[in-house]
Number of protein chains: 2
Amino acid sequence: MTPQNIDLSKLTPLHNTLTNKKKIIHIISEKYSPLSSQCQSELSNNSKILGIKKGEVLVKEGQYSDKAYFIVQGCSRAYYLKNGKDISDWFAFENDFISSINSFFRNIQSPHFIEVLENSTLLEISRDSIIELSDKYHDFERLSKTIVTNTMLRLQERIVSMQFQSAEQKYKDILSTHPNITQRIPLTHIASYIGITLETLSRIRGLKS
Amino acid sequence: MTPQNIDLSKLTPLHNTLTNKKKIIHIISEKYSPLSSQCQSELSNNSKILGIKKGEVLVKEGQYSDKAYFIVQGCSRAYYLKNGKDISDWFAFENDFISSINSFFRNIQSPHFIEVLENSTLLEISRDSIIELSDKYHDFERLSKTIVTNTMLRLQERIVSMQFQSAEQKYKDILSTHPNITQRIPLTHIASYIGITLETLSRIRGLKS
DNA sequence: AGTTGAATTTGATCTAAATCAAATGATAAG
DNA sequence: CTTATCATTTGATTTAGATCAAATTCAACT
């Protein structure tokens, strides 16, 4: 019986969790940047799996949040309130990371909320663990650099998309990177993410292009 | 005589350059993340100082650019053409870095031009050198992570500023981070950077607020 | 199935900022 | 000083998308 064929539900909860964690960390290592097995197991000891229900809020405005979350299953968003209006600022799906980046990196009060949009499984890692692992392991430092670099490039693309595009083009842009985002994220959130109103988005979608 | 009091102009050009390079690298190390002296001198061997005249173009659209530039003195911008319109995407001043990030990190053709806006002194480093130094020195890996992280946070702030702000507020936002930007950067470029037209910017500035 | 509340669509204005166009001001070069 | 080029301002008009408001569709829960 190969590892892939183990029926996880038959194992004890503890063993199950450990097995899953190793798998998740292996995925992170594959997707972002390779980690030595020693570093992987130390990351395993410094992270925990969370099961979160749809609608729960992981971070609230004003909190100091020193956690980063890797999405194993489900999706989440970061948003902030501007004059009472809910503006989405980041979406994260399977194999993406999410955190309140201002609070996490600059150690200030979070301007963002982070909300789970589907029942989700997350891997939580604290800033202290990340700092410790980055100090100790060069390959972990590289992993975190890779994640930050990806994020930077994604933000840069988003600026270009927002700078001088029509509402319609901005919507097409997001569809081209996330073709089925509308099946998972309410339109209000998509609208504010691309910087247009819900009504405008609805009209754009009505056009048979 | 302390090192600070050496009159650089009295030295041979070569010595002068070397001394300057070490100073510059020391500044980078101080400002972003400390480098061991061995790493500093290896970086010194892997970088070169450029003197560039106002108006020169360092990178053209379509080129593969594998260089990063640290601005010792002067300023530069990255911009792209959208339907023939010149849209500024990044400004860099003393102690900032600039590069065609898409080309540099993803090894694709640059969508950007990089133009020097004032007679400038730059330190140029190639991607190969950065990769090599990052492999060899954990502290260099950290330095590059720090630079990327700063860039990411700056881009994120910019998105928030662009998302649902009035033209006037966007202008105030850029003034608050770069109070004297208007003394160094033509208004056309500032306007496109914040996503408004030159005319609108001029009118905003006309209001005595 | 029927009720309730949220998500989305549709409609009628309104407005901030774009566009088009021309005038003025500043800088540099001969 | 004069001309040429570039940067900025000012003016008139248009328009994409916001705002306000109501109708409809959808989904979850008794």
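As a basis for the values below, the full set of heavy atoms in this structure was taken, side chains included, without hydrogen atoms, waters or symmetry mates. These figures come from a predicted structure and were not determined experimentally.
One interatomic measurement links the two molecules: CD of A:Gln163 to P of C:dA18, which rounds to 12 Å at whole-angstrom precision. In this structure, CD1 of B:Ile194 is placed 10 Å from P of C:dA17, rounded to the nearest angstrom. The distance from atom CD1 of A:Ile185 to atom C1' of C:dA7 is 14 Å, rounded to the nearest whole Å. Between the CG atom of A:Leu207 and the P atom of C:dT9 there is a distance of 12 Å, given to the nearest Å. A:Arg184 has its CZ atom 18 Å from the P atom of C:dA7, to the nearest Å. The interatomic distance linking A:Lys53 (NZ) with D:dA28 (P) rounds to 16 Å, in whole Å. Between B:Gln183 atom CD and D:dA7 atom P there is a gap of 17 Å when expressed in whole angstrom units.
Residues B:His178 and B:Phe93 bring their aromatic ring centres within 6.0 Å.
Between B:Tyr32 and B:Phe70, the ring planes lie perpendicular to each other; the angle is over 60°, past the 30° to 60° tilted range.
Under a 3.5 Å cut-off, the side chain of A:Arg184 and the backbone N or O of A:Glu118 do not form any donor-acceptor pair. Checked by atom type and distance alone, the side chain of B:Gln163 pairs as donor or acceptor with a backbone atom of A:Ser192 at under 3.5 Å.
Distance CG/B:Leu43 to CD1/B:Ile25: 4.0 Å, rounded to 0.5 Å.
Of the candidates A:Leu58, A:Ile49, A:Val72, A:Leu58 is the only one forming a side chain to side chain contact (heavy atoms under 4.5 Å, CB included) with A:Leu122.
Salt bridge status for A:Lys172 with A:Glu168: present, with a side-chain N to carboxylate O gap under 4.0 Å.
Within a 6.0 Å radius of NZ in B:Lys31, more than 12 heavy atoms belonging to other residues, nucleotides or ligands are found.
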Note to self: As a quick check of understanding, evaluate side chain to side chain donor-acceptor pair (under 3.5 Å) for A:Ser100 and A:Ser65, giving each step before the final call.
What the structure shows: CA-CA 7 Å; A:Ser100 178; A:Ser65 169; 5.6 Å; no
Next item on the list: Decide side chain to side chain donor-acceptor pair (under 3.5 Å) for B:Ser88 and B:Arg77; before the verdict, give the C-alpha distance in whole Å, the side-chain angles of both, and the deciding distance to 0.1 Å.
Entry: CA-CA 7 Å; B:Ser88 291; B:Arg77 70 174 180 124; 2.9 Å; yes
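Between the side chains of A:Gln165 and B:Lys82, at least one donor N or O lies within less than 3.5 Å of an accepting N or O.
Across its full length, the helix from C:dA1-D:dT30 to C:dG30-D:dC1 shows an angle of 40° between the axes of its 5 terminal pairs at either end, rounded to 10 degrees.
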Check: What one-letter contact string describes nucleotides 25-30 of chain C from 5' to 3', where B marks a base within less than 4.0 Å of any protein heavy atom, S marks contact via sugar-phosphate atoms alone, and - marks no contact?
Finding: ------
Notebook entry, point to check: Going 5' to 3' along nucleotides 9-21 of chain D, which nucleotides have protein heavy atoms under 4.0 Å from the base (write B), which only from the sugar-phosphate (write S), and which from neither (write -)?
Noted result: BBBB----SSBB-
